[in-house]
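Shown next, in structure tokens, is the structure this report addresses.
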Amino acid sequence: MSINAPRGTNDILPPDSFKWQYLEEKAKEICRKYNYKEIRTPIFESTDLFIRGIGESTDIVEKEMYTFEDKAGRSITLRPEGTAPVVRSFIENKLYGKALPFKFFYSGPMFRYERPQAGRYRQFHQFGVEVLGSDNPLVDVEIIKLGIDFLKEVGLSDFVVEINSVGCKECRPGYLDKLRDYFSSVDQELCDDCKRRIKTNPLRVLDCKVESCQEIISEAPKITDNLCDKCKDDFEEVKSGLNSLMIEYREVPTLVRGLDYYTNTAFEIKSDELGSQDAIFAGGRYNGLVKEIGDRDIPGVGFALGLERLEILLEDKELDIGSGIDIYIVTIGEEAERKGFIYLNELREAGISADKDYFGRSVKSQMKDADRKNSNYTIILGTEELESGQATLRDMRSGEEFSVVLNELAEKISNLFDN
RNA sequence: GUGGGCGUAGCUCAGUUGGCUAGAGCGCGGGAUUGUGGAUCCCGAGGCCGUGGGUUCAAGACCCAUCGUCCACCCCA
């Protein structure tokens, strides 16, 4: 039996790898415009970082982490998300001493031990941004806009923006009590999962998908009616900021976040073409996290975008990814192959992407190969060409042919692509 | 962790109530055109029918297990 890639992991092969490069380049380009700088943190971290940062009772920590002991007996975890490591790095490198806010972006693999499903993998890739050091609601708006710009840049337009506020340390506990009281008074009518959630995480009841729960949920107290003055003002400012940038959004009072550290703004950008995992990117404010991991009260906000999910949405769209080559050298006979190999090298040194056959195939097959490799031009080298020093260059799109002097080949091809 | 669908050629899939040397299309290699891709035609290569066990005179098909995959739940990007 041969060995397969572990469950829930994927090889990214050509031509898909070109798509990935394209997406990563576009993300970097947008971040440069917004003045967000790249941060690269380790793929694995101390397990404690995630327990403290994400929350002990969350599903991620309870059952989804790839955790193991290293040879010295330390508990290590493959990062399941990007925010906690960025915050750890921010504190460890004492970046709070520099000019704030710090604006980061990252892109890389994350790991969660879950059953694979549409748009969900055990190793998956996120592009994310984090802003540390400002609690200005306009920053919330800025990152939402950054994410939307990215989606539009890569050709997506079919998505909706949903926002909510989940309050802060001051106003959320009171709201949770209200919510718990309300659900407890009607718990007979709720599904079994929701009965359990009343105790573990009453906010979660709000986005239960069971139909019989919907009516009860619609009558539940709304967080937005129970925010403290500061949170209320901030939420209003987020909305007016979105309006000022002409970003359409929907207020969704039942939108909550699974991770403990979120405060205030929560948002999700969804597509209805993704099946059950419909969020392309999601995030929010986490004003309590830095204090949780370090000891300083520094506000933060960020989002994470699932690159595999974006990939799914872009599957049918034609992207300008250009995986072809400039020229393919067809050779006939051993002497021509040796010479062709040298010309090939010259072309490459001149910055031209070029290739040839390495199977000694027939001319017809080599032409076919050039076609498959999506070559713009082919040139044929046989004994005649070597003797005369001239060969025929064929434009594979138009079928047009013209004669070139072999010694001027690289120069000639360069000129063709300058036009 | 729970539930359901599916595993046959590189890919997409046929294969009847169990019964001949397991098929097609696409792709791949060669040729028709002794040196020109895409169209057409001809020829060819390529299969432990996911794996292990069981039922049977006989299993690609039926049963059990297992692995993988897809989808859904939980939860999440």
Side-chain angles (χ1 to χ4, degrees), chain A residues 1-10 13 54 57-64 79-83 106-128 147 191-194 196-197 200-201 204 207-210 256-259 267-271 274-284 302-313 328-333 336 357 359-385 391-401:
Chain A
M1 254 322 244
S2 52
I3 298 170
N4 298 323
R7 178 162 211 205
T9 67
N10 293 107
L13 307 169
I54 301 171
S57 64
T58 57
D59 271 33
I60 291 182
V61 170
E62 274 183 354
K63 50 183 209 191
E64 295 174 3
R79 63 181 186 193
E81 55 102 47
T83 303
Y106 61 84
S107 175
M110 307 291 166
F111 306 84
R112 290 184 203 173
Y113 191 85
E114 300 181 276
R115 290 281 285 265
Q117 207 179 310
R120 168 189 297 169
Y121 310 94
R122 287 187 173 180
Q123 176 174 172
F124 59 103
H125 296 79
Q126 288 186 332
F127 156 62
C191 70
D192 289 346
D193 278 332
C194 284
R196 180 174 50 77
R197 289 184 187 119
T200 58
N201 194 346
R204 275 268 151 235
D207 64 7
C208 179
K209 286 160 195 155
V210 177
V256 295
R257 313 265 66 224
L259 311 185
F267 58 87
E268 236 163 71
I269 283 66
K270 294 180 173 178
S271 162
L274 278 173
S276 178
Q277 273 65 49
D278 56 0
I280 311 167
F281 73 94
F303 73 69
L305 181 148
L307 286 169
E308 279 83 359
R309 292 185 185 177
L310 186 54
E311 251 293 299
I312 291 169
L313 293 170
Y328 188 102
I329 300 181
V330 174
T331 64
I332 304 152
D357 165 72
F359 281 112
R361 281 185 286 208
S362 67
V363 173
K364 183 192 174 79
S365 291
Q366 291 186 58
M367 289 302 291
K368 222 173 172 175
D369 195 39
D371 193 37
R372 268 191 307 242
K373 287 188 163 70
N374 213 347
S375 184
N376 286 312
Y377 292 92
T378 51
I379 189 160
I380 296 181
L381 295 185
T383 37
E384 285 171 36
E385 286 80 4
T392 303
L393 189 66
R394 181 180 174 88
D395 183 327
M396 293 295 274
R397 260 177 254 280
S398 65
E400 208 180 334
E401 294 190 337

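Proteins come first, then strands; the chains are lettered A, B, ... in the order of their sequence lines, and each starts at number 1.
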Integer-rounded Å distance: [N] [atom2] and [X] [atom1]:
X: A:E114; N: B:U2; atom1: CD; atom2: C1'; value: 15 Å
X: A:K63; N: B:U2; atom1: NZ; atom2: C1'; value: 10 Å
X: A:E81; N: B:C75; atom1: CD; atom2: P; value: 18 Å
X: A:R112; N: B:C74; atom1: CZ; atom2: P; value: 16 Å
X: A:R120; N: B:C71; atom1: CZ; atom2: P; value: 11 Å
X: A:K373; N: B:C28; atom1: NZ; atom2: C1'; value: 13 Å

Within the modelled atom types, does a donor on one side and an acceptor on the other bring the side chain of [X] and the base of [N] under 3.5 Å apart?
X: A:E385; N: B:G35; value: yes
X: A:R372; N: B:G27; value: no
X: A:Q366; N: B:U36; value: no

So what does [X] hit on the nucleic acid, given a heavy-atom distance under 4.0 Å: a base, only sugar-phosphate, or nothing?
X: A:E308; result: nothing
X: A:G8; result: sugar-phosphate
X: A:L310; result: nothing
X: A:Y328; result: nothing

Report, one pair per line, the protein and nucleotides 38-44 of chain B atoms (nitrogen or oxygen only) whose separation is under 3.5 Å.
{"unit_1": "B:G38", "atom_1": "O6", "unit_2": "A:R394", "atom_2": "NH2", "d": "3.3"}

For B:A77, is there a stacking contact with A:F281, counting only centres under 5.5 Å and planes under 30°?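 Stacking between A:F281 and B:A77: absent.
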
Can you check whether A:Q117 has a side-chain N or O nearer than 4.0 Å to OP1 or OP2 of B:C73?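 Answer yes for this pair, as a side-chain N or O of A:Q117 is under 4.0 Å from OP1 or OP2.
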
Can a donor-acceptor pair be found, under 3.5 Å and without considering hydrogens, that links the side chain of A:R394 to the backbone of A:T378?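 It does not hold such a pair.
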
Distances for protein N/O vs nucleotides 5-11 of chain B N/O pairs under 3.5 angstrom?
none

Using atom types as modelled, flag every donor-acceptor pair under 3.5 Å from a side chain in residues 366-375 of chain A to any protein atom, sequence neighbours excluded.
{"unit_1": "A:Q366", "atom_1": "OE1", "unit_2": "A:T331", "atom_2": "N", "d": "3.1"}
{"unit_1": "A:Q366", "atom_1": "NE2", "unit_2": "A:T331", "atom_2": "O", "d": "2.8"}
{"unit_1": "A:Q366", "atom_1": "NE2", "unit_2": "A:R361", "atom_2": "O", "d": "2.9"}
{"unit_1": "A:D369", "atom_1": "OD1", "unit_2": "A:R372", "atom_2": "NH2", "d": "3.4"}
{"unit_1": "A:D369", "atom_1": "OD1", "unit_2": "A:K373", "atom_2": "NZ", "d": "3.0"}
{"unit_1": "A:D369", "atom_1": "OD2", "unit_2": "A:Y328", "atom_2": "OH", "d": "2.7"}
{"unit_1": "A:D369", "atom_1": "OD2", "unit_2": "A:R361", "atom_2": "NH2", "d": "3.3"}
{"unit_1": "A:D369", "atom_1": "OD2", "unit_2": "A:K373", "atom_2": "NZ", "d": "3.0"}
{"unit_1": "A:S375", "atom_1": "OG", "unit_2": "A:Y328", "atom_2": "N", "d": "3.2"}
{"unit_1": "A:S375", "atom_1": "OG", "unit_2": "A:Y377", "atom_2": "O", "d": "2.7"}

Once you apply the 3.5 Å cut-off to both distances, tell me the Watson-Crick or G-U wobble partner of B:C20, or none.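 Paired with no nucleotide.
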
